Amino acid sequence: MSRYRIAVLPGDGIGPEVTAAAIHVLRAAGDRFGLAFDLSEYPIGAAGVAQHGDPFPTVTAAGVQQADAVLLGAVGDPSLDDAPRHLKPETGLLALRAHLGVYANLRPVAIHSSLAHSSPLRPEKLVGTDMLIVRELTGGLYYGEPRSNDGRVAVNTLRYTCDEIERVTRLAFRAARGRRGKVLSVDKANVLETSQLWRQVVTDVAGDYPEVMLEHIYVDYAAMRLVSDPGSIDVLLTENMFGDILSDEAAVLAGSLGLLPSASLGDGPGLYEPIHGSAPPLAGKDVANPIGAIASAAMLLRHSFGQTEAAAAVEAAIARALAEGARTRDIAQEGESALGTRVMAEWIVSRLP
Ligand code: IPM
Ligand code: MN
């Protein structure tokens, strides 16, 4: 029996519900594959502010360092919208990412054939859609100094070093090698110096991966390409801010933001979270889609623990539940009845191979 330590950070809004669903499936998969999990829970976001006056409390910072991997729900609470930056839930998430040094954020976007009609795009446009967005996660505008806002003038800094670009690029090329062998690097090199450096470093790194085909495109055209020809994209590599925007756009292809998982990787413990937010209006109602969180747990099994079979089993169970008609509210068509968060998790558990 292999034992693993997981730090669980449920966070805010629907975070606790979808995290509980993910843990339920994780434990069931663990039973099948002989894996035991020691879970420790820590607050983050508004929950951190409520308990410790800090969106990234020191107890959480210490806790995640002790873990083999971190599973996170979501952060964000409207009551803190006007709070100073050091008390915003989002500041807690950015501090966590920096603390773990998770510089590469992997956001896979694949279409479940049974959901092809949930996307506003015509199903024939979606044929072949299976991409991996690799977003740089610990640099760029989110972290650049100086930053300020005196009420009349506001400043943010977009800064990238060669090393920051190189490490995430290598990860994207390694991922492409195990997929369709294509990297689409997205930048704004016609305007921004940081993008010119990005393009130069990506081109240099590509020399070490001759079997991977590299294409550079500007971010405005990438936004169009994502919806006009998504099937042509294999690995999409980009910087922090562009990746934030393009990954929400790509979620439209899958049919719902609630379906998509993510893995954030660095040199220490990995961080796994659904890409959706805390969705305050849905919180506590048992209506949120837990699939993004459950699929994030599958990524955790694969990337942090090397448990490929268990990961594939969870993904297969999600696909089966969807193929057999399991729908939460966000993906139910008119006239279809919707399952709650817990029942959806139950459907997935009972379809584990
Ligand atoms: C995401 C989220 C975060 C981000 C927010 C909550 C800070 O939108 O993970 O995409 O912008 O990175
Ligand atoms: Mn986002």
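Counting starts at 1 for both ligands and their atoms, in listed order. Because the structure is predicted, anything quoted here is derived from the model rather than measured. All residue numbers refer to positions in the sequence shown, counting from 1.
Looking only at heavy atoms of the protein, atom 11 (O) of ligand 1 is closest to Tyr142 OH, 2.6 Å. Looking only at protein heavy atoms, the nearest one to atom 2 (C) of ligand 1 is Asp244 OD1, 4.1 Å.
Other residues, nucleotides and ligands contribute more than 12 heavy atoms inside 6.0 Å of the CG atom of Asn190. More than 12 heavy atoms of other shown residues, nucleotides or ligands fall within 6.0 angstrom of atom CZ in Arg199. No more than 12 heavy-atom neighbours from other residues, nucleotides or ligands sit within 6.0 angstrom of CD on Glu309.
Counting heavy atoms closer than 4.0 Å to ligand 1, residue Met241 contributes nothing at all. With a 4.0 Å cut-off on non-hydrogen atoms, His276 does not touch ligand 1 at all.
No side-chain donor from either of Ser304 and Asp68 sits under 3.5 Å from a side-chain acceptor of the other. No side-chain donor from either of Thr161 and Asp163 sits under 3.5 Å from a side-chain acceptor of the other.
Taking backbone and side-chain atoms together, Asp244 has an N/O/S atom less than 2.8 Å away from the Mn ion (ligand 2).
Between Glu273 and ligand 1, not a single N/O pair is under 3.5 Å apart.
Of the listed residues (Glu90, Lys88, Arg107), the one carrying the non-hydrogen atom nearest atom 1 (C) of ligand 1 is Arg107.
Per-residue contacts place Arg135 under 4.0 angstrom from the following atoms of ligand 1 (heavy atoms of the residue considered): 1 (C), 4 (C), 9 (O), 10 (O), 11 (O), 12 (O).
In this structure, CD1 on Ile233 lies 8.0 Å from CD1 on Ile133, to the nearest 0.5 angstrom.
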